[in-house]
Structures are given as structure tokens and as C-alpha cells.
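What follows is a short report on a single structure.
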Protein chains: 4
Amino acid sequence: MAKDKTIYEYRNPLTTRYASQSMAGLFSEQMRAEVWRELWIYLAEAEMSLGLPIRSSQIDQMKKFQKAVDLKRIREIELKLKHDVMSHVKAFGEQAPLAEPIIHLGATSAFVTDNGDVLILKRALELVREKLVEVLSSLRVQILKWKSVAAVGYTHFQPAQPVTIGKRLSLWAQDLLWDLEELDHVLDRLRPLGCKGATGTQASFLVLFDGDQKRVDELDLTVSQKMGFEESVAVSGQTLSRKVDTWFMNALSGIASSFSKMSYDLRLLQHTGEWAEPFGKSQIGSSAMAYKRNPMLAERITSLSRFLISLSQNAAWTHATQWLERSLDDSANRRIVLAEGFLTADALCEMAYRIVSGLELNKKGIQERLDQSAGLFETEAQMMRATLKGGSRQKEHEKIRKKTVLGKSSGSGKVRSSLPTFTGAAALQAERFVKNHLDPALKSRKSRRKSEALFSAVSV
Amino acid sequence: MAKDKTIYEYRNPLTTRYASQSMAGLFSEQMRAEVWRELWIYLAEAEMSLGLPIRSSQIDQMKKFQKAVDLKRIREIELKLKHDVMSHVKAFGEQAPLAEPIIHLGATSAFVTDNGDVLILKRALELVREKLVEVLSSLRVQILKWKSVAAVGYTHFQPAQPVTIGKRLSLWAQDLLWDLEELDHVLDRLRPLGCKGATGTQASFLVLFDGDQKRVDELDLTVSQKMGFEESVAVSGQTLSRKVDTWFMNALSGIASSFSKMSYDLRLLQHTGEWAEPFGKSQIGSSAMAYKRNPMLAERITSLSRFLISLSQNAAWTHATQWLERSLDDSANRRIVLAEGFLTADALCEMAYRIVSGLELNKKGIQERLDQSAGLFETEAQMMRATLKGGSRQKEHEKIRKKTVLGKSSGSGKVRSSLPTFTGAAALQAERFVKNHLDPALKSRKSRRKSEALFSAVSV
Amino acid sequence: MAKDKTIYEYRNPLTTRYASQSMAGLFSEQMRAEVWRELWIYLAEAEMSLGLPIRSSQIDQMKKFQKAVDLKRIREIELKLKHDVMSHVKAFGEQAPLAEPIIHLGATSAFVTDNGDVLILKRALELVREKLVEVLSSLRVQILKWKSVAAVGYTHFQPAQPVTIGKRLSLWAQDLLWDLEELDHVLDRLRPLGCKGATGTQASFLVLFDGDQKRVDELDLTVSQKMGFEESVAVSGQTLSRKVDTWFMNALSGIASSFSKMSYDLRLLQHTGEWAEPFGKSQIGSSAMAYKRNPMLAERITSLSRFLISLSQNAAWTHATQWLERSLDDSANRRIVLAEGFLTADALCEMAYRIVSGLELNKKGIQERLDQSAGLFETEAQMMRATLKGGSRQKEHEKIRKKTVLGKSSGSGKVRSSLPTFTGAAALQAERFVKNHLDPALKSRKSRRKSEALFSAVSV
Amino acid sequence: MAKDKTIYEYRNPLTTRYASQSMAGLFSEQMRAEVWRELWIYLAEAEMSLGLPIRSSQIDQMKKFQKAVDLKRIREIELKLKHDVMSHVKAFGEQAPLAEPIIHLGATSAFVTDNGDVLILKRALELVREKLVEVLSSLRVQILKWKSVAAVGYTHFQPAQPVTIGKRLSLWAQDLLWDLEELDHVLDRLRPLGCKGATGTQASFLVLFDGDQKRVDELDLTVSQKMGFEESVAVSGQTLSRKVDTWFMNALSGIASSFSKMSYDLRLLQHTGEWAEPFGKSQIGSSAMAYKRNPMLAERITSLSRFLISLSQNAAWTHATQWLERSLDDSANRRIVLAEGFLTADALCEMAYRIVSGLELNKKGIQERLDQSAGLFETEAQMMRATLKGGSRQKEHEKIRKKTVLGKSSGSGKVRSSLPTFTGAAALQAERFVKNHLDPALKSRKSRRKSEALFSAVSV
């Protein structure tokens, strides 16, 4: 090994390669510490305004050092105390000695850990949502652009009745739109822990306020509102129900499965030569086969969405195995699972945006595929027409089946046709989908940022 | 082996032991066939009303045989055709020869399979919802009954600040209430496939209606409304997006993780002697240790909820790996996963209802536990009071820690107290939860059936 | 609903459609009861031979009724006792009144449940193993038959250096061969519970034998040997460690992932028209598109292997969450998971055998694909040769990349070549693999049955 | 946010908190680069020795820079080429210009990625194995120390026939011993990719060696032997079968489920006051409840083992969904899953070692528990004795059940006994397990390092 040991550190490829710095920042130690301090300030402010003997000078000092986190010092203390929240309290108190006696007053660790997670997870969800909106906006452009261009449909990856490109893209969009609604659904339901105390009974706060339930209620509400919520959760043990994690992870898993499905479509259509993902001019496809142009982004989406889907189940297991007012078998697990869940979702959005906005369609390849199967596609119409004329649908089906399936060994037809390809209502469906579903959804969720600023991962 | 081979069949214990017959019936071959015929009738009716040459006599004959399914004959045909929908079409046609030429007209298999699944899954979801409402109603009674009775709180399964029984039960109820909302959320979003044709373009229906989009739209809408929905899905490939399955399975997994958490609490409290699940007079706890009274129902809930949670992930994998307009790698899997998912959820509700409605609380045991730890609980209040008097919260914490933790080798305290146990706002929280959250939710979802009729599984 | 309620039962499609009756029989209630009685007979015989007051007439009566199980009567009793083993004991005792006093003597339920499972699981594993051997034998024939036939290789599902068909098949075989070794590995490690008593201490047996450890050891050993094992497990709680389940489920999951990978290859190659799975003459591919010939078997393999893989994780969760000498949160779960795991593995073997033994290769389609990419394949050799002549490998790579990738929009090459396709050592590798790896493995595991008898599922 | 953006990085808590630096180092970018260079050196050496025009000076230059990796430069190049192996080749070539033309000669990326992974994974497995051996050695000491000390057995977490502490520990040890065997099993089966070329046919190497198969075989073998293996894998596509990953992940998952089971036992016994994990003198249990002493290490083991178990399934999904000669939907996923799998296993071993070696047993608490249930335990012996005297086992069971279960509402007995606790063969079993199973296994796998050196994670 080289001398400098620091270079031998495992760094998660999500942060070094795939996800954006904005997302990674949300799950940094630094952000965690800042958010905790933010919460201690909210608590002290609210306690002061409700009559507890806390002075402005104490709060001012806390504010002054809110972002001046000394992670090394915290670490040092933690090695001794073996309790992370108390280490942060102590280190903060060292920086803000005036405030030292009242930091964390009435609170248990979960006050900062759980409320802090709610703040971070909310921001992470909003970031994913913003990116998803942009992916959908980009998809919208492509749907409208290609709404009438015919292409072979594929069922069982065998040629089937033709569709249009725009219509196919609308299937991706519909999945993602549902995912977007799910993100909003989670945000709607999300409530912070507020001020609930050691086992959720607010006993310590009632002691502080001398049994005055009204002021305890006020404290709980005020802190929640400072956090940006209308109210806190109705009841809790020491922590929020871990069911809340499943909402996040299910929503992220939904995004992953949508992108995964999309990536399979792309990989198959890059094979047929109909579609291709963007490919850099200096990009190398294979170190051995210099001629190769592989759907690498799409494959990476398959790869990372698999990771996210499998990760998501974890939240359900954690919830399912919690004990009574709380057990600590959630903590270490959640720190990895929630963070990496969001990092992966972020990375998926980044890659999907690149693919969708840079999608290359090969009109010639698309037409060739249509020509190869054209004769077959007319057979369904034949069957309909014969039935309308009084024939039996079932007998017509059998006639056609015998002629086509038994007549050749390969599944792909070769009969050429000179008729224009009939794609049914595909174009209209795509158009209606945009108008009735996508546009209303995008309108109410328009991003404030330009997409160039939003998608920042320097992916390789 | 014995002579009669039929007895050597694997029968899923969910049907033979744990779930109700109502739920099992929904996922029977018979029901599947009936629902398909129901859909073919809807299709023919709508097609006739929109001017296609279909006669009432044809529809009458279909209706006559809707439930007279001959599964043996269908099976016989399928062994030859190797296509299940076509086998059903053929068998139905044999019974209703007048209708034979027009059954399934314009449709692809997914018309019956996917619309049929939507009908069955909706009914299954409604059954689970109804049961969940009853579990919550039963829980409501217990919450109010025990809202003020103090008990030791447990964090890390170590004694912690006291709670009340009713408050603890409200944590279970909150989880389940969220699950209930999730069921409604799925029902809100659910749309049938409607009439979309082979690759979702409605091409075959446009041919049938001679290119008249308006009548094709009408057909799609009419069939969906006959099915009990306001509209069909906006766009589809050959099938509905398999994302829809994830909604169902996530909702069911949510129920499972809530019940699992509840079962762990119960198993732990049956150990401490504070709570116990109902136990039959003739029931045997152990074949070796005749004195045993084990929390068998709760353990079974842990067991089956584990099954359901792990099952649920399947839906995401299926969605994530679908190809283009559809691939058939979903079918066999979904037939097991969706059915067993609902059967398990049903079984869990049955067992949970028995436990909640028959819950035994041992007041003496509860009080003994409180007495054992009473001295410790006062220390948090001491710390608050000292801080209010100008002391440092952190120093008080350290003082108490040294006295208690380092003073003994076991984690449980033994100091007795004569003070009444202080449970903070626990009783009030429980009461408010019922009033502000549970009651409004139950009111709008009141079951039509008596709970005795609803919970019918003869569980062993 | 129709009048006869019995038809509304969920029957697992694994038993009704996909798996063999032999496998389903192993997991039937009937088999379970027979195996338990088998074990009670072994116990009584061993106890008698070691001097306990048990008479031959008692054992004879037990033997007489070993397979005459009255499941209805057992069920009736169980509804009262709520304990399945005691119900079986009682029902057996009613049939064999002489033996009634000594059935289950010294034993706890786990004696029959766990030892019984070991017997059933062992037989199930042996059945899967036998089928896997046949799949491999069939694959062997195909590998040798096609070992030298060239075909396009695919990486990223883009054309890559050519392989041979036989070589590609050898990749499937290698995976399955490793799976086969894994089955043997499980069988090697498997030990029955033997006679361990309520918490694994053999206390009850020591009481029976008046503290004589030697006879207790003898009992444990004798029963294990009657069961067909050399010895029992070294130590246990009330049950075997649930880790043992993970061995089974991991082994089955391994088979599933191998078959899944195989099924993807097939589905892709059926698209390219190179390969096709067998297709019945009367088989229908699509109810709408009569011309379709879909890879339905392969898709079903993908489908069911997904089910099995996801199921397999369950065993690890069960093991991971067991408590102390045992908890009962394993039982209901294991009854489903282990049974359905084996049923699925059985179904996968059945389908894989049909595909492999009936595999259709389309030589014309294979050659067309080769022709399309032939020019590209020569570029790697060019690069090698240039490097040998003193050029830089990296510069040659860049030259070729520029010419090929940047020269066209589609990833597939179109240059035709008249040279014979160079497939390197592919044929030799296939041959060596059969000779050095497959043949030795098959030789030592040769099935006793003809494959026609072995593969009996009437799959549809 | 603070100015310095670098502090806002997500750093996986496995590296910052839980796992050892030795393990993290194996999965660093630096190590990856070093191992790749190691492989390129092996390749060049072997090629030279087999007659290719490669000079010692070229190899010398490669060796000189093997560990002098410039990760920044590599990154810079990769942003342009979008191909990581080619970037490493180029950067290495810049440092070793003499060698530049022949680096990677005949190879495809998988030569370094797959062979490199094999080297790293092997070393990681060996590190885990070494730690597991130490955990077992520590457990061995405890088993022997406590082999005869009686304690209440628990089934369903209800008092059951007594066991001994040592016997209970032997159950943990047996699970871990099986896991250890599994690690060896994986190492036994592991083979490197060797030199197989773009699609596994060795075509490029045959071109290099002018069609001389013998020298190509020699190359494949030599490189594999330099890597420390006897031979390379028999056949491969572009990469090793991804089944190999499942071996690793299943083995790690096995370790996780064993430790998880152990952690549950500990958490329950810390509740009963019988056992306790080591607790630092300055350690804080709760920020609110200063008196608390929580089983934090055990809970963390539950937490992280859950993460590892869920992670492990990923490998099966990756294998199951691979396409033909390879698809790239494995890469990003594997980089996370395999690395974090090993990091978690490493962390689990570190924590388990601390717990096992510092385990505190509270003899007084253990005895109290025994006293509480003593009367009940005698009932099983009563039943045995009555049966031996000619009574019916079943009737005795019913008599005892009625007296004990129906006589009280709580499951725990209160009858005191003055007899010494009878623990059957528990002590003997523990002793025999050590002698017959554990000792032979430890002997052949003795670690070379002292345990203090081995366990180095500064866990908090």
C-alpha cells in the first residue's frame, strides 16, 4: 500500500460518479449538524417566547455558530461518550458557552434526529421532484414531436401492431407522472415529530411548563411551523413511526421501476437500430471492440434502478421489526438506506434527462422494421372485417394463424406492403395524454430553475 | 403413497388455514372465468348499442351461461391450444353457440385478463379495507378504555418514561389509519384498461367502427363504466402499466409491516406479563411443556407479515423488467403474487381482529413493572427542574447518569416510589387522536356488515 | 356466486398448471401426516430397543395406520386444541388405541415437525436434482451438436465478436452445473434434528432413560439413521437452526437465476430470429394477432424464476429474527415459502427441459446476422496485428473507433465479408467443458429414471 | 451552505463509523487502480515469456508506477472518453511511455475489471474469514466458561425447560461455524476470468499467438497462477458468470443472519437482566433518560445485518437479468453492492467481537429467573415418569395443562423450587460441540494476527 492511508477509503460511487453534489450535500455530516443546530435554535426561541428563562443572547450565540460546525471536535467527544447527539450538544455548547445550559432543554435525541431527518428528507424529495418535472417536460417535447411517426409495436419482443413513437413515449410519461403524484402524496402526509419527549408523552415539557398543557401544545406547534409544516404528527413513541420511511422508499422505488422499464425499452430499440441514446464524440464503447456503440447510459439506469428497488424494501423491514416505544435497530440502517436511496434516485433522474433530451431516432431503421412486418399487421383488420360480414371471429383467427405461424420457422414476417402504416388512435392518444394529464401536472409544478442548472452531476 | 392420488396435492395454507373463504373465492379459477364472461358481455352490449351487428339473443345466451363455467372443458381445450383466453372463448362459445362468432370481438387477451384483474383486485381491496376498518373500530374501543392506565414505556426494550396503554394502542392505530388511507388512495387512482386493442392503439376497434373515433371512445368509456369506473386508463400498451401492481402490493405491505410491529409489541408484553392475547380454554401451548401459554397468534402475524412484505417487492421487479408494449414474463408471477398477497393481508386482518378485540391486560403485572422502575422515571423531571433553577442541563444529566448507570450491573431499576405515575399528556393524546383522526376516518368508511359476519376464517 | 362454494377456492397455479404432481405430493397435508407417523414409529422402535416398556403390538398398530390418515378427523380435533401436532397425536391414537399412551413419548412437537421437514425437503431436493441432471444431459447433447456453428456474439445486445452456439450453451450449462454442486453441498450438510427435546437439552429423554446419557445418545443416533442420515445435528434449540432453510432457498434461488438468465437469452434470440423455443402445432400465440409466435415458455421461466428469487430471501429473514431457543414466527411462513420454493424450482426444470430438448435453431437466420456484422469483427484482429508490428494498441483502437462508430448512426454494422467466421477457441472450449466438467458430474449423478417419466407436469 | 463545498459530501457511515480501514481500503479507487496495474503487469510478463515482442524495460516501467496512481489524471481522461478502463490505460501509459503500446494487449476491459474484482473480493473474503475465526475463538472461551451454568430456556420468549449458558452460546457458534465453512466453500470454487477476450472465445489472443492454442492456454494459466489460483474459469462470456457474485453475497448474508439472531437474543436477555453487552464508563445511554443502559451494540448489529441481508438479494437479480455474452447493467450496481456487502460484514464482525469478548453475565439475575419458573419445569419430568409407569402421555399432558395454564392469567410461573435445576445434557452438548466441531475447524484456520490488531474499527 502507498504511504498515505487516506487514499484508501471506500467512496460510494453514487457520490463520486453518479449523483449530483446538491443531493450528496443534503446527506453530509455537515448538513446533519447544521440542521440539528437549526432545530435547537427553533426550540430555544419557542421556549423563550413561551416564558422559559432563556435569553436572546443565548440564542444569538447559537445562531452565530449554526454553520460553524467543527466535525473533528464532535468526533473526538463522541469517541468518549458513545452518543452522537450528546457529542453535538457538547461541541455546540463549547462554541456557544452562554447557551450551553439550555441547549436541548426538555428534548430527547429524537428531537433533533427525527425532526432533522424530516427536514433533510423533505428537501431531498423536493429536489428529486424538481428533476422529475424536468424529465417529464423534456419527454413532453419528444412526445409531441414524434406523436405521429409510426413504428413497429413489440409484444413479447416480437413484431406486433404498429404504434407511434410519441405514443410509446407517453407510456413512459404516464408511469413517471404517477410517480410524481406519489412524491406529492408523501409530502402531503409528512409531519415532523415536533416536541414529544422521551417516550412521546411530552412529560418533560409538561414539567418544564409546570403542567401547562396549552403551552406545551404551543411549543409543539411553533417548532413545527418554524420547520415549515402546519402541524406535528398526532402521536409518536420516542420517534416517528418508521412507516414514514416506507413512504419515501416506496416513492423512490416507483421512480426506479419506471426508469428501469424505460431503460429496457431503450436497450432493445438500440439493438433493433431504431433508437439510440446520445453518444459522445470521444466516447469509447469497448476497450476491445473499437466499433461498438453501446447503450451505456440505459444499462446504467437498469443497474442503479435495481439497486434502488432492492434497497427500498429495507424500510418496510425496519418498520416491521420495531419494538414498543422505539428500538435502536433502525438508526445505522436508515443512515445508509435513506441517503443512498435518494442519491440513486437523483442519479437516475440525471441520466434519464440526458437520454430523453438527447434521444436519437433513426427514421430509416424504424421504417425498415415496419416494412419487414407490414403484411402481418393487416391480418387483424382482415379478421375484424370478416366477422363484421357475418363470419366467425374464431374461425378467421385460426385461418390466419395456420397461414402465418405454421408457414415459417422464424417469428418475424417478411411480407412487404405498400399501404401507409395504420397506427389506430396512437397519435391522438399521445396528444390527449399531454393535454389532459401531463400539461396540468407540469403547470402546477413548474421548476424555478433552468434545467442546465438543475442537472449537474458530472457523470461518466 | 396411498392409492388416491388426489390427496397428494399441495394446498396453500393461506386457503386451508389462515384466510377467509370470501377472499379465497375472489382468486379462484371459477371467479376468473365468471369475470371474463362478465366482461365479454359488457363488450358485446356496448358494441351492439354502438351499432355493430350483434343481436340481443346472442347476449342473452352469454348471460345465461355466465356463471355456468365448465372448468374441465376449458382445461381440455387449453391443453391443445396452449392459450388460456382462447380456450375460455371456445368453451364459452360451445355453451353459447349463437354468440360464438362475436365473443371477444375486437379484443385482445388483455381485454379480459387485465380488466378482469382490475375487477377482482378492486373487490379484494375493498374486502381488506372493510376488515381494516373493523380492526380500527375495535382498537378505538380499547384506546378509549385504557387511555389513562399507566404502564412502563420501553425504549430499547429497557424501562423508559411511562406511557398509558391507550396511548400505546393509538400508535398501532395511527399506523393502520395511514394504511387505510393508502388503500383509498389506490382505489382513487385505479382505472381499468378499457378497450385498447393489441398494442393499445385501438386499431382493431377503429377497423370495427370504420374509423369512427367517437364511437371507439364511447365503447372504451361504456365498458369502463359498466365495470364501475368513471373512465379507463389514459394510455396503455397491450396491458395496463405493471406499476399498478406495485400500488396494490405496497399498500398490502404497509398493512403487513404495521401488523408486524404490533405483533412484536404483543410478544414482548406477553413476556413481561403485562398483556396477553386471547387463549382458548382447550388450547394447547406446547406438546412437551403442558404449562405453556404462548403468544401464538401474534407470532403467526409476525410470520405471515414477513411473507407478505417479501412478496410485495415482486411487483416492482415485474414492472421494472417489462419490455416495450408488453412481455409475458408477468403473467404466471402475478397470478401467485397478487392472489397470495391479498390472501395474506386478509389472514392478517382476521388474526389482528381476534387479538385486538380479545386483548387481555394484566393490571397487576403492569403495576409491578411500574413499581420496579419508578425511582428512575423521576430523574428526568429532576433534570428539568434543576435547569430551570439555573443549573446546566448537561451537568445534571451527567450527575444522574453516574448515579444510576454506574451504580449497578443490571439495566433495570429497583427503586420503589409512592408517587402516582406521571404519564404526561399520554391520555390526552390518545383521546385527541381518536377524536381528531380516527373518528372522522371511521365515520366515512363505516362497514355495512357486522364484524362477526366479516371475520369468518376458521383459523387454527 | 354459484351454489357450490367449494369451487371458489384459490388453488396455487404452481400445482394446477406448472409443477409436477410428484413435487406437489411431497408438500401435501397427507404426506406431512404420513411422515410424522413414520417418525413416531422410528421413535417407538428405538425406545423399545433401548429398553423402554413399549410392546411390538403397539408399534405394529402404528405401522398399520401409517398411511391411513384421516385428515378430516385431525382437522376437527385441531379446531378445538389449536395445536396441530397434538391433533395428529390424538387422531393417530384413536386409530391405534394400543399405541395411544406411548405416541410422541419424550418428544416435543419439533421432533415431528422439524425431522419431518428434513425428510420432505431432502426428498424434494433429490427430485429437483434428478431433473437438473436431465436438463444438463439434454444440454450436453445440444452443446456437442452445435459446438462449431458460429453465431454473432452479443455484448450490450450489440453485435460483438462471434461465438459458437455450443459455446454459448456451455455458459448455461456451467451455471447449472454449479447449481447442481450446490444441491449436493446442501445434502452433504443436512442433518436431522434427531431427539433433542423441548429446548434441545434432551432433558425429557434423560428422564425417560433415568439419566443414562449413553442410551439417550443411542436413541438420537438410531432415529437419525432410520431417517437415512449418519448422525443428527450437533446442537439445537427446540428446533434446528433456521439457517438450514437458507441453504435450501439459496440453492433454489441459484437454479432460478440460472434459468432466468437462460430465458432472457432465449427471448432475445427468438427476436433476432436465430433461435426459437418449441411451439405446438395447435398453439396460439396471441388472441388478437393470429400470426404471432411468442417465446411463451421462456417468458414463463423469467416470470417464475423472479418469483422464486424473491421468495428465497424470506428464509434469511426468518433465521435473522428468531429468538433464543425458538420463536413460532417461523412456522406459517415456512409452510408456504419452502413448499412454493420447491414447486417453482420443479416447474422451472420442467419448462427448461422442454425448451432445451426441443430447441430450434434457424441456421439461415444465424448466418444472416453474421453477414451483417462480419466486417466489424475483423477490426479487433487488425488491432492485434498492428500492435505486433510495433504499432500502439491504443492508437489503432482510436483509428478503428473513429471509422466505425462516428461513421454511422446505428450501432449495427452492414459490411459483408466472404471470410469464414473466426470464433477463436469457442468450439474447443465447449468440447473441453463437456469432457472435463460436465461429463464427470453427470456420470456420478446419473438418474435412474427415463426423462419421459421424470418430466410429468402437464404444463399449459 | 458554508463556503467550502467539499465538506458537503455524503460519506457512507460504514467507512466513517462502522467498518475497519483495512476493509475500506480494499474497495478504494486507489486499490482498484493498483490491482488493474498488477494485472496488466502479469499479462505483459506472460505474453513476453510466451514470445510476444515485449521488452523487460517496458514491464519494469509498469512495475515502477504500479502504485503511483494519479486518480485525478485518470478522472480527467475519463470525462472525455467515458470509458473507465481506457482512461486507466491511457494514464498508465502516460506514466510508463515505454509500455504504452503494449498495455492491455489482447485484452478487453473485463480482463482487468473481472480479474481485479476476483483479487479484491478474495482478499476481502479472507479478511472477513479471519475475523470470523476470532469471533469464534472468543465464543469458544465463553462456551467453556459457562457450559454448566443453568438459565431459563425461552421458547416463544416464555419460560421453557432450562438450558445452560454455554449451550446457548454453542447455538450461536454452530451458525457461525457453518458460515465459516461457507466462506471456504466460496474460496474453493472461485476462479479468475483469466485471459478470455472480448466474448470469451480467446479470439484476440489466438490472433496474437498466430493461432497457437497451446500458447493461448499457457497464457490463460500463467496469468491465473500469478494471481494465486490454480486455474481460470472453464468458460465465460465477456465476463465471469455473475452467479459468482451470488456466492459471495449469500455467504455474507449468512453471516448477517447469524449475527442478527445473536443480537436479538442479546437484546432480549439484556431486558430480562440476565446478560448485558459491555458498556463504557463514560458512555451515555439516552440524552433524556440519564439512567439508561441500552444494548446499543446489539441493536446496531440488528440494524446493519438487516442492511446486508437485503443487499445480498441484489446479486441474484443481477445474475438473473444478464443478457447473452454480457450486458453492462451489472457494473454500477456491483460496485456498490459488493463493496458495501463486505464493509457491512466487516463491521458486524467488529461489533460481534466486542460483544462476545466483553459479554457480562449477571448470575443473580439468571438465578432469579430460574427461581420464578422452577415449579413448571418439573412438570415435563412428571409426565415422563407417569407414562413409564403405564399412564397415558396424552392424559398426563392434559392434566398438567389444566392445572398450570388455566390456573392463572399470566404465562409466567411463580412456584419456587429447592431442587438443583436440571439442564439435561446441555453442558455435555456444549463441551462436545467445542471438541468435535469447533476445535477442529479453528485449528485449521488459525489466524496469524493477534485479535487486537485484527479488530481495528474505531466504532462509536
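Just so it is clear: chains get the letters A, B, ... in the order the sequence lines come, proteins before strands, and each one is counted from 1.
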Check: Does the pair B/D329 and B/R242 meet the rule for a salt bridge (Lys or Arg N to Asp or Glu O under 4.0 Å), with working shown?
Finding: CA-CA 11 Å; B/D329 55 321; B/R242 291 306 175 222; over 6 Å; no
Derivation of the salt bridge (Lys or Arg N to Asp or Glu O under 4.0 Å) call for A/E431 and A/K167 = CA-CA 8 Å; A/E431 210 177 87; A/K167 163 65 196 298; over 6 Å; no
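Geometric assessment of B/R267 against the ring of B/W275 yields a negative cation-pi assignment under the 6.0 Å and 45° thresholds.
Inspection of the B/T201 and A/T423 side chains reveals no N or O donor paired with an N or O acceptor under 3.5 Å. For B/S258 and A/K243, the side-chain atoms include at least one donor-acceptor pair closer than 3.5 Å. A donor-acceptor contact under 3.5 angstrom links the side chains of B/E274 and B/T272, judged on distance only.
With respect to chain A, the highest number of heavy-atom pairs below 4.5 Å among B/A427, B/S310, B/A316 belongs to B/S310. Counting heavy-atom pairs closer than 4.5 Å to chain B, the top-ranked of the candidates A/G93, A/S241, A/G197, A/S312 is A/S241. Here A/D175 is the residue among A/I54, A/V207, A/D175 with the most heavy-atom pairs under 4.5 Å with chain B. By number of non-hydrogen pairs under 4.5 angstrom with chain B, the leading residue of A/W178, A/W172, A/F433 is A/W178.
The part of B/M86 that comes within reach of chain A is its side chain, from C-beta onward, which places non-hydrogen atoms under 4.5 angstrom from that chain. Contacts of A/H104 with chain B are made by both backbone and side-chain atoms, with heavy-atom separations under 4.5 Å. For B/Q322, the parts lying under 4.5 angstrom from a heavy atom of chain A are both the backbone and the side chain. Both the backbone and the side chain of A/E100 come within less than 4.5 Å of a heavy atom of chain B. With a 4.5 Å cut-off on non-hydrogen atoms, B/K196 touches chain A through its side chain but not through its backbone. Heavy atoms of B/H319 lying under 4.5 Å from chain A belong to its backbone as well as its side chain.
Partners of B/F157 according to the ring pair (Phe, Tyr, Trp, His ring centres under 6.0 Å) rule, which considers only residues two or more places apart in sequence or in another chain, are A/W323, B/Y154, D/H271.
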